[in-house]
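This report concerns only the one structure given below.
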Amino acid sequence: MIDKFVPDIDAALDGIGDGATIMIGGFGAVGQPHALVDALAERGLRGLTIIANNAGADFGGLPKLMERGAIRKVVCSYPRATPGANKATFENLYTAGKIELELVPQGTLAERIRAAGAGIPAFFTPTGAGTKLAEGKETRMVNGRLCVLEHALFAEFALIEAWEADRWGNLTYRRVGRNFNQPMASAATVTIALAHRRRELGEIDPDAVVTPGLFVNRVVIAEDAA
Amino acid sequence: MIDKFVPDIDAALDGIGDGATIMIGGFGAVGQPHALVDALAERGLRGLTIIANNAGADFGGLPKLMERGAIRKVVCSYPRATPGANKATFENLYTAGKIELELVPQGTLAERIRAAGAGIPAFFTPTGAGTKLAEGKETRMVNGRLCVLEHALFAEFALIEAWEADRWGNLTYRRVGRNFNQPMASAATVTIALAHRRRELGEIDPDAVVTPGLFVNRVVIAEDAA
Amino acid sequence: MSDAMVRGWSRTGMAERAAADIPEGWVVNLGIGLPTLVANYVPAEREVIFHSENGVLGMGPAPAPGEADPWLINAGKQPITLRPGASIVGQSDSFGIIRGGHLDLCVLGGYEVAANGDLANWSTGKPGAVPAVGGAMDLGAGAKRVWALMEHVTRDGHPKLVERCAYPLTALGSVTRVYTDLAVIDVTKQGFRVVDIAPGVTFAELQARTGAPLLTAG
Amino acid sequence: MSDAMVRGWSRTGMAERAAADIPEGWVVNLGIGLPTLVANYVPAEREVIFHSENGVLGMGPAPAPGEADPWLINAGKQPITLRPGASIVGQSDSFGIIRGGHLDLCVLGGYEVAANGDLANWSTGKPGAVPAVGGAMDLGAGAKRVWALMEHVTRDGHPKLVERCAYPLTALGSVTRVYTDLAVIDVTKQGFRVVDIAPGVTFAELQARTGAPLLTAG
C-alpha cells in the first residue's frame, strides 16, 4: 500500500543535511509551510541554498534560519521585508557580505521551477532582456524580440503547504496558497507537504487534484487540521 | 457587463476565413468540439492550417474538412486512423501530395502550444534529439543531454470543448476532456469554446476553474446541455 | 513661475484619471503603492478583471475589518476579496498570463520613463542596497499596455520623463502611456505625445518639467 | 536446431514476466498494443499508478460492458476506469510528467533496440507511408526506465536486438531493459546483459538470435 503520510514533522524533514538546496513555497506568508520551516531552523544546519520568493521577509521561520547562520545562498525575487517592518535579517547579512543572493524576476523564477519539473532544461524569455539581471546571460532575438536564455531550477527538497492530501500524495491548495507550491512540488527530488486536511483515497475528485501524488514524497498533517 | 456567450454556432465561428490557422482540441474523439468542426466544414473554406493531435483520424468533422479540400496543412503527432477503421481521408490526401504535414512529437506539440500561451518563444527539449523529426533544427547539449530548440506554436483561432462555462468565459473540463483544450485555450488570438453546462457567474468555485475566462473569447452551449 | 503654482492632479486624482481610461472587460494588473488606488475609481458595475501576480483573477475590494480570509492576499500582501467570476491559478500560470500578453493593461509606478518607452522602476542602483525586483520585469515585458503612474518630477524637481533612463532598466520599450500629476502622455514612435493636461497647467510649464520633447495630439 | 524448437514465453507470458518486475508505488506508462497487457498481470493489491499520456494518473481496469464513461479513454482510445486516488491533468502537464522524469517506468513496443539503448519503434521508414509518432519520442526520452517489450526476432527471423538500429530512431540511449519471448536482457554500459532466459531456451540459442554480443549476469 502506498502511504506517503509521515507521523510528524521530524519524520517529514528526515535526510535534510548541510549544504542542501531547498525550495520553500508561499508568496508572502500565504502558502508557506511555517511549521516545516520553524522545525528546520532547529536542526543546526549549515550551507543551505534556499529558493523562496520572499526569502528576505521578516515573517515565518526564514529569518531564524538566517540568524543562525544556516543559509549560504538565497534565490528569490523579493528579498525585502514588508513595508513598516523592522530591517530584516536578510538585509543585515547581505550588507555584511555574509549571504549570497541570486535575484530572479518572479515570473522567471516560477518558470525556471516549472521547467525543472517539466523536463525543459532551458528556455528563452523576454523578461529581463536588456537589464542588469540579464548581464552575462546568453541572449538572442526570437520572433523579433530580444530574449534571455534561462535554465531550469532544481532542488533536492521542496517544503510546501497544501490544503487537502491523501495517502498517494494527491494535493489540493486553498485560494492563493497555490502560488509557488504547485511548481515547486514538481521540481524537487524530495517533496514534503504540510497539509491541513487529511482525505481518504478517492475522496478528492480526480478533476480537483492540483498536484498529482507522483510529485509528492511525504505528507505531514498540520496540527490545526480538522 | 462582460458576456462571452454567443447565441449559436454560426456566431461562434464568425470571422474564420480562408487561410486561417486553427487549433482543434481533443485527444481521440474525447474533448473534440465536434459541433464546431462539423459546422466549420460547411463553410466552404480554403487553405486552412489545422493544429490538432489526431488530425488524420477517421472520426469527427476533420475528415469532412479534408475531403472538401479546406485544409492546406496539418500540424499533429498522430495522423492515423484508429486500428480497424477504413483508410483515413488524410492518408489518401497525403499520399497524393495534396496536403502538407508537420509531424511533431505529442509532448513537444503540447509544450509548443503551452509556450505560445505563456510567452515563452522557444525552449530546449530532449524529446526528438537525434531523430528524423529534429533534422534541420538547432541542437545543443544542455545539462549533458542533447536537446532540440523548439518554438512556440500560435493560432488565430482555437476551437475547444469544455464542460462548464460562465459569462466571463471561465471553463472547467470533464475528465480526459481537458487534454489539448487547456493549453490551446491560451495560445490562440480567438478562443471559441463549446461547453456542456452553462453556469451563473460565481457558481464555479474559483479553485476549480481550469481555464480562466481571460483566455476565452466566445462560448456556445452545446445542444445536449442540461 | 514657481513650482508651487503648478499643482495639477492630487495622488487620488491621478488614480481617478487613469481609472477613467480603463474600459469594461479589460484584464488589469495594478502595481504596489499608488497604482493600487486605481481600483477604487473603477465602479463595480464596470466589469474590469483585476489580476494579482500571486495567482488571482477577479480581485474585489478590501474585506471589511475582521472579515479577511487568511488565504486571500494580493501581491502587496494585503487582504483581498474575490468577485463572482474570480479564479485562482498557480505561480507559473499566473506569470504565463503576464508574459504571454494576456493582460490588457498593467499600471506600474516608475522612477523614470524614457521617450522610447524604456522603464526604470525596480532599483535606484545605489551601491549596498538590497536589490528586489518581484514581478516588475515580467509585467513590464509582458502586458499588452504598460501605464506608468507617477509624479511628473522627483522631490527635488528633476524630470522623470527623460530621453534615456539613468536608473537600471526594468524593461525595454515597455511603457505605452504615462499618467502624472501634471498630464497624460502617450509614448509613441516619435516620442512623448501629450494626451491631456491637468487643469491649470500650461503646455510650457509641462515641457519645462519634462526631460524630452513633448508632441501635441494634433 | 530449427526455430520451431525455440518457443520461449507466449505474448501473455511476456507481459506477465514484465509485470512481475514492477514494484508497488511505481508510476508506469504502458504503450499501445502488447505493453497494455502488462496491467492485467499486476494484482490490484499491488498499488501501481498507471499513467496515460492523454492526462490520466491512476487508471483502473477496462469498464464492464455498457458502463463506459464517454469522458474516460486511454492513449489507445479504449474506454478505461479510474482507481480511487486517480487524478486528471491537461496535455502539457501530462507530458511534463513524462519529459520531467517523473515516470518510474515506460513499457514500449519496439522494432529494434541497440546495444547502446537506442530505440526504434515509431517508423519503418518506408517511403510513402504516413508517419505518425504520438508520444513515443517523449516517452523514450523522458521516463526514468524504458523497457522494450517485443518479440526477440522479426517474423522472418532477423534479430531485433542489434548493434545499431537500422530503422529511424525514436530516442537515443533510451532503453534500459528488453523483455522478449526468449529472455529478459538489460542494456548496460558494456552492452546487452542477460537477466533471465525463458524455460527451455539455451544461451547459445539466444545469442544466435541476437544481433550483438550478450553478456551473462556474472
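In what follows, every heavy atom counts, from backbone to side chain, and hydrogens, waters and symmetry copies are set aside. All chains are named by letter (A, B, ...) in the order of the sequence lines, taking the proteins before the strands, and each is independently numbered beginning at 1. Since the model is a prediction, treat every value here as computed from it, not as a measurement.
Heavy atoms closer than 4.5 Å to chain D are found in the backbone of B:Val104, but not in its side chain. B:Leu146 touches chain D through its side chain: at least one heavy atom from C-beta onward sits under 4.5 Å away, while N, CA, C and O do not. At a 4.5 Å heavy-atom cutoff, D:Ser87 makes no contact with chain B through either its backbone or its side chain. Of the atoms belonging to D:Pro168, it is side-chain heavy atoms, and not backbone ones, that fall under 4.5 Å from chain B. Heavy atoms closer than 4.5 Å to chain D are found nowhere in B:Tyr173, neither backbone nor side chain. Heavy atoms closer than 4.5 Å to chain B are found in the side chain of D:Leu82, but not in its backbone. Interface residue D:Asp93: only side-chain heavy atoms are found under 4.5 Å from chain B. With a threshold of 4.5 angstrom between heavy atoms, B:Phe180 approaches chain D through its backbone and through its side chain. For B:Arg174, the parts sitting under 4.5 Å from any heavy atom of chain D are the backbone and the side chain alike. Neither the backbone nor the side chain of B:Arg112 comes within contact range of chain D, judged by heavy atoms closer than 4.5 Å. Heavy-atom distances place the side chain of B:Leu101, and not its backbone, under 4.5 Å from chain D. Contacts of D:Ala129 with chain B are made by backbone atoms alone, with heavy-atom separations under 4.5 Å and no side-chain atom involved. With a 4.5 angstrom heavy-atom cutoff, D:Ile98 does not touch chain B via any of its atoms. The part of B:Asn54 that comes within reach of chain D is its side chain, from C-beta onward, which places non-hydrogen atoms under 4.5 angstrom from that chain. Contacts between D:Ser92 and chain B at a heavy-atom distance below 4.5 Å involve backbone atoms as well as side-chain atoms.
Top candidate by heavy-atom pairs under 4.5 Å with chain D, chosen from B:Thr131, B:Asn53, B:Ile113, B:Val210, is B:Thr131. Taking D:Gly140, D:Gly134, D:Gly142 one by one and counting their heavy-atom pairs under 4.5 Å with chain B, the maximum is reached by D:Gly134. Taking B:Gln182, B:Arg175, B:Glu111, B:Met184 one by one and counting their heavy-atom pairs under 4.5 Å with chain D, the maximum is reached by B:Arg175. Contact count against chain B (heavy-atom pairs under 4.5 Å) is highest for D:Ala75 among D:Gly173, D:Ala75, D:Gly55. The choice from D:Pro131, D:Ala136, D:Gly96 that makes the most heavy-atom pairs within less than 4.5 Å of chain B is D:Pro131. Of all the listed residues (B:Ala110, B:Cys76, B:Ala115, B:Ser77), the one sharing the greatest number of non-hydrogen pairs under 4.5 Å with chain D is B:Ser77. Chain B forms more heavy-atom pairs under 4.5 Å with one residue of D:Asp118, D:Leu139, D:Leu72, D:Asn74 than with any other, namely D:Leu72.
Side chain of D:Asp138 to backbone of B:Gly107: a donor-acceptor contact under 3.5 angstrom is found. For the pair D:Arg99 (side chain) and B:Thr127 (backbone), a donor-acceptor distance under 3.5 Å is absent.
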(Q) Run the side-chain contact (heavy atoms from CB on, under 4.5 Å) test on D:Ile88 and B:Val176 for me, step by step, so that the C-alpha distance in whole Å, both residues' side-chain angles and the decisive distance to 0.1 Å come before the verdict. (A) CA-CA 7 Å; D:Ile88 300 291; B:Val176 300; 4.2 Å; yes
Q) Could you go step by step and tell me if B:Gln106 and D:Gln91 meet the side-chain contact (heavy atoms from CB on, under 4.5 Å) rule? A) CA-CA 9 Å; B:Gln106 192 172 335; D:Gln91 203 61 27; 2.8 Å; yes
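Atom OH of D:Tyr167 sits in a sparse spot, with 12 or fewer heavy atoms from other residues, nucleotides or ligands closer than 6.0 Å.
Atom CZ of residue B:Arg114 and atom CZ of residue D:Phe95 lie 15.5 Å apart, to the nearest 0.5 angstrom. With rounding to the nearest 0.5 angstrom, the CG atom of B:Leu133 is 9.0 Å from the OG1 atom of D:Thr170. Atom-to-atom distance recorded for B:Glu161:CD and D:Trp71:CH2 is 3.5 Å, nearest 0.5 angstrom. To the nearest 0.5 Å, the span separating CZ on B:Phe27 from OG on D:Ser94 amounts to 9.0 Å. Here CE of D:Met137 is found 11.5 Å from OG1 of B:Thr125. Values are rounded to the nearest 0.5 Å.
Partners of B:Lys137 by salt bridge (Lys or Arg N to Asp or Glu O under 4.0 Å), not counting sequence neighbours, listed by chain and number: B:Glu150.
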